[in-house]
Amino acid sequence: MSTSTQALKTAHRPLRSLVILALVLAAMLALVFFQSATAVRLGLDLRGGTSVTLQPRIAQGDSGKVTNEAIDQAVSIIRQRVNSLGVAESEVAAQGSGTNRQIVISVPGDTGRRVVDLVGQTAELRFRQVLTSAAGGINPKTLPTAGVSADVNAKFAALDCTKLTNLQGTGTDLPTDTIAVCARTGATKYILAPAEVLGRQISKAAAGIDTQGGNAWYVSLTFNGEGTKAFGALTGRVTKLPEPTNQVAIVLDGLVVSSPRITEAIPSGNAQITGSFTQLQAQDLANVLKYGALPLAFDRGEVQQISPTLGADQLNAGLIAGGLGLLLVFLYSLLYYRGLGLVTVGSLLVAGSFVYLLFLLLGKWIGFTLTLAGIAGAIVAIGVTADSFIVYFERVRDELREGRSLRTAVETGWVRARHTILVADFVSIIAAALLYFFAVGGVRGFAFTLGLTTLIDLVVVFFFTKPLVTFLARMNFFSSGHRFSGFSAKSTGILPVIKEA
C-alpha cells in the first residue's frame, strides 16, 4: 500500500478535532469564571514585593558555628518553607562570605510580610516539664523554686513578659538547661525543666481544626520511634504530679506556645499543639516544624519594599516585544504563504488563548506567577510554534511538487512532518525540564513557561492546524491553486509542463 493511500485512509474527520478543541477552550473559560481567576499573578520583578536580609546571630565564642554548610542548610530549609506556602517565584539566596554571609529573601506581592515573619524562625521545638509558673510581670517577692539554681530563680523573678523585647523568642536555649521563659502571649512566665522531647524527633506535622471544640485550630504531631518512647515516658511521669508540675510546656524558639495538663500517659506517638491559633498561624507552625529547624538563629536586617513602578515598565516592554514578535510572524506568514498564512495566524491566536487561560488557572491552583523571565520564555515559544507550522507547510509543498493533489499532499505531508515536529518539541521540553529542576529563581520561571507553551504547541498543531489545513484543502479556492491561496504553481515552485511540438 502506498504512503498516499494509507494517509488518506487514516485521515480523521477535521471538524471533529476542531469541535473538541473548541469545547476544551470553552471549559477552561468556564473554569476561569467559576473560580474567579480573572487576573494573571505577577512576580516580584513585575508587581513589586518585599525583600529582607537575615543576618546570623553570633553569640560570644560561637563564630565557628556560622559555616558555609550551616548557611546552605538554612537556605534550603527556608526555600522549602516558602515553597510550601505556594509563594511562587520567590528567591532565597546566600550572599557574602565567612561570618559575613547573609540570606536574602525576595517575595512578590502582599504576602511578603507574612513570609518574612515565618522563614526566620529557627523552629527549635522542645517539650519541657513545667516546674513553676506565674503572671507575666515582674514579681521580686516570688518564692524560689526548689531544686532550681539561684540564677534561674532570680531571672524568673525579674522576667517581664509584658515587654515586647521578651516576646521575640531566641531559640538559643540549650535542651539540657533549666530555663525561665515567657508564654507566647506574654500573660504567663515559667521555669521549665530540661527538654525531654526535641523537634528533630517529629516525623510529621499538620494543621487541623477542631469542629467539635469551637472550630479551634491546632497542630497535630507524629513522633518517630525515639520521640514516641521519650514522649510516652514524659507524659507518664508527670500524670500524678501536683499543679503546675503536671503540665508539659511546648516551647518553640524560646517561647511557650502552650502548656497542657497531662491527665494520662500518651504512648501512641501522637500529640497536638493548641494555643488559640488562627488558621494561618497553625499552618505556618506546621510548615516550619515539617521542614525542620534552622541550624542558626537569625536577626532580621534590612527590609525593603520593592516598588512595582519599574516592574510595570518592564511588563509593558515585555508585552510590546511579544506583540511585535507576533506581528512580524503574522506579516511574514501572510506575505510568504498568502491564504495559508491565515492558518498560522489562527493557530497562534488559539495557542495564545490557551496560554492566557492556563496562566489564570495555574495562578489560582498552584500559585503560578508570571515574571519577566516567564515572558521571555513565552516569546521564545512563538518561534518554536511558528517552526512547527513551517515544517508542515513546506512538507505539503514538497508533496505537491511530486505531483500529488492538494488533499493527498496535506495527508502525506502530515505523516512525514509530524515526526520532525514531535522531535523538535520534545527537545525543547527536555531542555525546559532540565532547566526547571536544576536552576533556581527567574530561570525556573523561564523554563516553566517555555515547557508549558511548547506542550500547547503540540496540542494546537495536532488538534487545530492539521485539521484546519485538511478542511481548507477541500475548498476550491485552495485546491484549484488560486494565486492567493499559497498553493499556486508559482508559490510551490511547480514547473509548467512544456509539450513538444
Grab the two heavy atoms, one from G413 and one from Y392, that are nearest each other, plus how far apart they are.
-> C-CE1, 4.0 Å
Nearest 0.5 Å please: distance from the OG atom of S36 over to the CG atom of L360.
-> 11.5 Å
In terms of heavy-atom contacts, I421 and L458 come closest through CG2-CD2, 4.4 Å
Straight-line distance of L362 CG to L357 CG, nearest 0.5 Å | 10.5 Å
With a 4.5 Å heavy-atom cut-off, do F368 and L358 have their side chains touching?
-> no
So how far is it from W217 CH2 to D210 CG, rounded to the nearest 0.5 Å?
-> 11.0 Å
Least distance between heavy atoms, V460 atom then S347 atom = CG1-O, 3.7 Å
List the steps, then state whether side chain to side chain donor-acceptor pair (under 3.5 Å) holds for W365 with Q35.
-> CA-CA 10 Å; W365 292 341; Q35 299 198 359; 2.6 Å; yes
Can you run down the ring pair (Phe, Tyr, Trp, His ring centres under 6.0 Å) pairs that involve residues 393-413, sequence neighbours left out, and say none if there aren't any?
-> Y337-F393
Minimum-distance pair of heavy atoms, taken over all atoms of G377 and T449 = C-CG2, 4.2 Å
Residue pair T385 / T453, side-chain heavy-atom distance below 4.5 Å | no
Y436 side chain reached by L450 side chain, heavy atoms, under 4.5 Å = no
CG-CZ distance between L327 and F330, expressed to the nearest 0.5 angstrom = 8.0 Å
Is it true that the side chains of T53 and Q102 contain a donor and an acceptor less than 3.5 Å apart?
-> no
Side-chain touch F359/L452, heavy atoms, less than 4.5 angstrom = yes
Side-chain heavy atoms of R416 within contact of E399, under 4.5 Å = yes
Least distance between heavy atoms, V461 atom then S388 atom = CG2-CB, 3.8 Å
Could you tell me whether F463 atom CZ has more than 12 heavy atoms of other residues or ligands within 6.0 Å of it?
-> no
Does any non-hydrogen side-chain atom of V343 lie less than 4.5 Å from one of F389?
-> no
Side chain proximity check, L21 to S17, heavy atoms < 4.5 angstrom = no
Nearest atoms (heavy-atom pairs only) where V257 meets R184 | CG1-NE, 4.2 Å
Judged by atom type as modelled, is there a donor-acceptor pair below 3.5 Å linking the side chain of R126 to the main-chain atoms of L198?
-> no
Expected output: side-chain T222 to main-chain S203 donor-acceptor under 3.5 Å = no
Roughly how far, to the nearest 0.5 Å, is CD of E226 from CD1 of I202?
-> 12.0 Å
Could you check F446 against V380 for side chain to side chain contact (heavy atoms under 4.5 Å, CB included), going step by step and ending with a plain yes or no?
-> CA-CA 10 Å; F446 172 85; V380 170; 4.2 Å; yes
Qualifying residues under ring pair (Phe, Tyr, Trp, His ring centres under 6.0 Å), relative to F426, sequence neighbours excluded | none
In this structure, CG of L455 is separated from CD1 of I429 (nearest 0.5 Å) by 4.0 Å
Any Lys/Arg nitrogen of R407 or E411 sitting under 4.0 Å from an Asp/Glu carboxylate oxygen of the other?
-> no
Test ring pair (Phe, Tyr, Trp, His ring centres under 6.0 Å) applied to F478 - qualifying residues, sequence neighbours left out | none
Are F223 and N270 close enough that some pair of their side-chain heavy atoms sits under 4.5 Å apart?
-> no
